[in-house]
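Below you'll find the structure, written out as structure tokens, and then a few comments.
Predicted model only: the values in this text are computed from it and were never measured. Chain letters run A, B, ... following the sequence lines, proteins first, then strands; residues in each count from 1. We use all heavy atoms of the structure for the numbers below, so side chains are in, but hydrogens, waters and symmetry mates are not.
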Protein chains: 2
Amino acid sequence: MKKLELFDDKQQEIASLAKALSHPARIAILQFLASTPTCISGDISDYLPLSRTTVSQHLKELKSIGLIQGDVEGLKIKYCLNKEGIEKLNHVFGNLFDEITPSDNKIC
Amino acid sequence: MKKLELFDDKQQEIASLAKALSHPARIAILQFLASTPTCISGDISDYLPLSRTTVSQHLKELKSIGLIQGDVEGLKIKYCLNKEGIEKLNHVFGNLFDEITPSDNKIC
DNA sequence: TTCTAATGTCGCAAACATACGTCATTAATC
DNA sequence: GATTAATGACGTATGTTTGCGACATTAGAA
């Protein structure tokens, strides 16, 4: 059993994705985008109990980690779930759960 | 489309669980506990590149959200994954992924 | 071109998270 | 009972996140 020098890339990646999901506003945004076909930025901030500025920051965070994408449509910006990002999320957490789910015969 | 008054319990729950996973040290602790049958607190802080005090705080956080449990064994304390907590995590995230995974025919 | 609407960026304040040294507590050992 | 070892709790410094108003930018309408 050796001492870790630092956390590895995989652990960092899981933690970063988890951080993106660690605020209820960002969960609400993802659910909203999943339930609506055309999602204009303004619609999202009208819906959430937060200022437009704050919602804009949450959108920026979700975009920078690749869970959503934003396409300019004239004056407005249409945000959508990013299929690849969501699939990656699914995959990364699936692996983690496989790794840490205790088997019935494990002691303790 | 009505405005949310505040975030609902489900969204809060997902966010809280995600927050527990949002630091690489806590991921490393869960993986370590999954790979070792008897896990004494001191072993964990010997392993991680953090002080004993800091590790103790991460353990406290994981315990308070129910992902691990700690049983006193004389002078030492044995930490283990909490099967129910991990299953709940699995379930909650599984539901979220079902909800937000885009179907192929969805526009955008 | 000027005006308006939709949106992002900046900068600040308050709250929260992280890391760690020191101290308190408790169990086993002498 | 005194000593040592394992551990959690407390306090504190530093960094990060959140929320928001004010400003900047850009696209389309008048």
Side-chain angles (χ1 to χ4, degrees), chain A residues 1 3-7 11-12 14-30 32-33 36 38-65 67-80, chain B residues 1 3-7 11-12 14-30 32-33 36 38-65 67-80:
Chain A
M1 180 160 68
K3 190 176 183 74
L4 280 179
E5 281 309 312
L6 69 179
F7 302 109
Q11 290 163 339
Q12 295 280 167
I14 298 170
S16 299
L17 284 168
K19 188 176 298 188
L21 301 180
S22 73
H23 194 290
R26 292 193 289 271
I27 300 296
I29 289 170
L30 294 175
F32 183 81
L33 291 182
T36 318
T38 60
C39 311
I40 302 308
S41 174
D43 294 346
I44 305 171
S45 35
D46 286 347
Y47 177 66
L48 296 178
L50 292 171
S51 79
R52 196 186 55 69
T53 313
T54 303
V55 172
S56 180
Q57 283 186 178
H58 286 303
L59 288 168
K60 187 177 165 189
E61 254 181 281
L62 288 170
K63 190 177 171 189
S64 82
I65 204 154
L67 291 177
I68 66 174
Q69 61 193 95
D71 304 303
V72 177
E73 298 221 327
L75 236 194
K76 305 190 174 180
I77 299 188
K78 188 180 69 174
Y79 282 97
C80 323
Chain B
M1 180 160 66
K3 188 176 183 76
L4 279 180
E5 280 310 311
L6 71 178
F7 301 109
Q11 289 163 339
Q12 295 279 167
I14 298 170
S16 300
L17 286 168
K19 189 176 299 189
L21 302 180
S22 74
H23 193 291
R26 293 193 289 272
I27 300 296
I29 289 170
L30 294 174
F32 183 81
L33 291 181
T36 319
T38 60
C39 310
I40 304 307
S41 174
D43 294 345
I44 306 171
S45 32
D46 286 347
Y47 177 67
L48 295 178
L50 292 170
S51 80
R52 195 186 55 69
T53 315
T54 303
V55 172
S56 180
Q57 281 184 182
H58 285 303
L59 288 168
K60 186 178 165 191
E61 254 181 282
L62 288 170
K63 190 177 172 189
S64 82
I65 204 154
L67 290 178
I68 67 174
Q69 61 193 94
D71 304 304
V72 177
E73 298 221 325
L75 236 195
K76 305 187 174 181
I77 299 188
K78 187 179 69 174
Y79 282 97
C80 323

Find which nucleotide of DNA chain C each of A:Ser41 and A:Leu75 is nearest to by heavy atoms, and output the residue with the more 5' nucleotide. A:Leu75
Please tell me which of A:Lys19 and A:Ile77 maps to the more 5' nucleotide of DNA chain C, matching each residue to the nucleotide holding its nearest heavy atom. A:Ile77
Determine whether the side chains of A:Thr54 and A:Ser51 contain a donor N or O and an acceptor N or O closer than 3.5 Å. yes
Do the rings of B:His23 and A:Phe7 sit parallel, tilted or perpendicular, given the 30° and 60° boundaries? perpendicular
What residues in residues 53-62 of chain A put a non-hydrogen atom under 4.0 Å from any atom of DNA chain C? A:Thr53, A:Ser56, A:Gln57, A:Lys60
Let me confirm one number: the CG-CZ distance from A:Leu21 to A:Arg26, rounded to the nearest 0.5 Å. 8.0 Å
Between the CD atom in A:Glu61 and the CD1 atom in A:Ile29, the distance rounded to the nearest 0.5 Å is 9.5 Å
Taking for B:Gly42 and for A:Arg26 the nucleotide of DNA chain D with the nearest heavy atom, the one nearer the 5' end belongs to B:Gly42
Between [Y] and [X], is there a side-chain heavy-atom distance shorter than 4.5 Å?
{"X": "A:Leu33", "Y": "A:Ile44", "result": "yes"}
{"X": "A:Ser41", "Y": "A:Leu59", "result": "yes"}
{"X": "B:Asp43", "Y": "B:Thr36", "result": "no"}
{"X": "B:Ile40", "Y": "B:Ile77", "result": "no"}
{"X": "A:His58", "Y": "A:Leu50", "result": "yes"}

Just the endpoints, please: which first and last nucleotides of DNA chain D, 5' to 3', lie under 4.0 Å from a heavy atom of chain A? D:dT17 to D:dG28
Identify the 5'-most and 3'-most nucleotides of DNA chain C with at least one atom closer than 4.0 Å to a non-hydrogen atom of chain A. C:dA5 to C:dG11
Give the C-alpha distance, both sets of side-chain angles, the deciding distance and a yes or no for side chain to side chain contact (heavy atoms under 4.5 Å, CB included) between A:Ser56 and A:Thr53. CA-CA 5 Å; A:Ser56 180; A:Thr53 313; 5.6 Å; no
